[in-house]
Student: 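Got a structure here, written out as structure tokens. Questions coming.
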Amino acid sequence: MATHLQSFSTLKGTYIPTTFPIASAEEVEQTVQAAADASIPFSKKTFIERAAFLEAIAEEIMELGDVLLATTHEETALPIARLTGERGRTCTQLKLYANLLRNGSWCDAVIDTAMPNRQPLPRADLRRMLQPIGPVLVFGASNFPYAYSTAGGDTASALAAGCPVIVKAHESHLGTSELVAKAVLRAAEKTGMPNGVFASLVGTGVVLGQQLAADERMQAIGFTGSYKAGMALYSTATQKRKTPIPVYAEMSSINPVILLPEVMAQSAAAIATALAGSISLGVGQFCTSPGLLFALNDQATQSFATELATALANVSPATMLNPQICNTYYADKKALAHTNNVKIILEGSDLSELFQATPALMQTTAVHFMANPSLQKEIFGPCSLLVVCKNLDELKAAISTMEGQLTGSVFGTTEELIAYQYLIDGLQQKVGRLIFNNVPTGVEVCNAIVHGGPFPATTDARTTSVGPEAIRRFARPVCYQDCPQALLPLYLRNHNEAGIVRLVNGIQTMDDVE
Ligand code: NAP
């Protein structure tokens with residue numbers, strides 16, 4: 001049995017020499033117990049103290065400087081410029097949660113004061129707020145080595161909520177994970193966080209990942225990756241444990257794009273250029289990559305297909321994240337090309353020996369799309385399927401057979417967007433983010449963002465994994481009845497020391513309770 005893991009560099013075509021020991025049973029036990037032990041002391045830290053911790057993590061990550069960027073570049077083949085941007089985004093996320101904590105109102109403090117004289121029965125004093133759910137298990141994503149990995153959105157939102165975090169490091173970027181994990185631990189020490197508040201463990205998903213998911217001390221899971229692994233974790237967390245726990249898994253999305261006829265007649269070439277950029281962005285290794293395009297069977301669509309294929313053919317082949325992702329891309333692309341009633345518009349040459357992907361475009365009809373669920377399988381890489389529809393009714397029917405998605409885009413003139421609102425209503429049923437006249441790649445980190453969607457895009461459509469709302473995934477409401485002031489959490493006491501907005505007897509206020 002393997003005792004160490006190594007990351008493979010698709011840039012160099014070899015394993016990177018540094019080896020990372022697989023966590024022993026003893027180390028796993030100690031880590032989980034330390035996280036469980038940290039739960040109460042960490043939950044008692046004030047929001048301001050937690051905010052300082054998150055800000056310190058961002059500082060420590062920036063302190064890692066070029067060493068971090070170079071390590072990740074070698075491990076993932078992602079260009080330095082992209083990694084620099086992603087590092088900035090990761091620090092922005094950490095600071096966003098720090099700001100949320102400093103503001104304090106996220107905890108939904110509600111106070112209903114006692115009514116001792118109420119008839120026929122008196123009312124008790126009832127106070128409620130969100131409290132941390134407990135230790136959270138995070139699976140980093142291969143395609144976002146910073147923003148969705150060791151100190152990424154799941155970790156940042158769980159720590160902000162007051163939950164200790166254990167990360168299962170992704171095998172694709174073990175060196176990156178180690179550097180970032182050490183940065184988090186330094187930040188924890190500098191800001192006086194309890195031991196066990198954070199840990200990163202090395203091991204395989206099927207052994208370590210499953211063991212951690214099954215451990216009764218873990219209270220929630222954050223995951224980004226494949227449908228297969230996400231569902232394996234979901235099954236363990238909800239069916240194989242004595243106590244089921246929430247799983248926030250972001251899995252598979254092909255991000256449909258609807259191309260309405262008027263806008264296609266006016267701007268097919270410009271839309272093709274924009275979509276070629278989006279399909280090939282990051283070598284198609286984005287969860288928001290547009291893998292499905294719906295258009296009517298007309299002249300504009302024909303010239304659009306030619307323009308898009310030409311633009312994609314002009315994209316230089318680029319190196320993928322790891323050999324498995326590359327091999328899966330070519331296998332899935334081949335399977336699609338050989339599917340009955342699928343026409344190849346652009347297949348691209350096979351550069352899998354160099355771990356490089358070439359973009360592809362295939363075409364089918366709405367009738368065949370609706371009849372064959374395999375055409376909805378996510379192909380992780382720069383490949384898209386154009387679904388040609390006889391008319392808008394058929395387009396609507398095709399949308400209604402679609403699985404849940406992270407995003408849905410509609411290109412149309414203002415007039416046709418209004419005229420065909422029923423198509424957009426149908427699309428809204430399926431997606432977490434509706435986009436008008438733009439491509440789906442690019443996820444803004446801001447208050448209004450939703451990065452989530454109906455199954456199988458995620459396992460819980462009620463949440464987002466990006467933006468301040470993500471903190472709620474790792475918190476639960478607790479109500480205190482007739483609790484003495486001294487025992488109440490700071491945020492529910494009569495004196496509003498933290499100065500947060502609270503709902504007191506049905507009125508939003510920052511005032512003290514009389
Ligand atoms: P993955 O294979 O799902 O792996 C993600 C994490 O889950 C890894 O840490 C992995 O550990 C672990 N894991 C795998 N099988 C598991 C199991 N049965 N139980 C518990 N944990 C398990 O994803 P990936 O390596 O990032 O990429 C593979 C494929 O996932 C891609 O080709 C793509 O299709 C999809 N993907 C989708 C998105 C998206 O956002 N939609 C993002 C990334 C990837 P090991 O490394 O030890 O297996």
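Since the model is a prediction, treat every value here as computed from it, not as a measurement. Every number for a ligand or one of its atoms is a count from 1 in the order of the listing.
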Student: Ion pair present between Asp350 and Lys334, side-chain N to carboxylate O less than 4.0 angstrom?
Tutor: no
Student: Sequence neighbours excluded, which residues qualify as side chain to side chain contact (heavy atoms under 4.5 Å, CB included) partners of Leu346?
Tutor: Ala309, Leu312, Ala313, Leu361
Student: I'd like the residue list for ligand 1, meaning every protein residue with a non-hydrogen atom under 4.0 Å from the ligand.
Tutor: Phe139, Ser142, Asn143, Lys168, His170, Glu171, Thr204, Gly205, Val206, Gln210, Phe223, Thr224, Gly225, Ser226, Ala229, Ala232, Leu233, Glu250, Met251, Cys287, Ile325, Glu378, Phe380
Student: Please enumerate all residues that pass side chain to side chain contact (heavy atoms under 4.5 Å, CB included) together with Ser9, with sequence neighbours excluded.
Tutor: Leu11, Lys12, Ile16, Glu74
Student: Establish, yes or no, whether the cationic atom of Arg82 lies under 6.0 Å from the six-membered ring centre of Phe144 and within 45° of the ring axis.
Tutor: yes
Student: Could you list the residues that satisfy side chain to side chain contact (heavy atoms under 4.5 Å, CB included) with Gln33, not counting sequence neighbours?
Tutor: Glu29, Ala36, Asp37, Arg217
Student: Could you check whether Tyr234 and Phe223 have their ring centres less than 6.0 Å apart?
Tutor: no
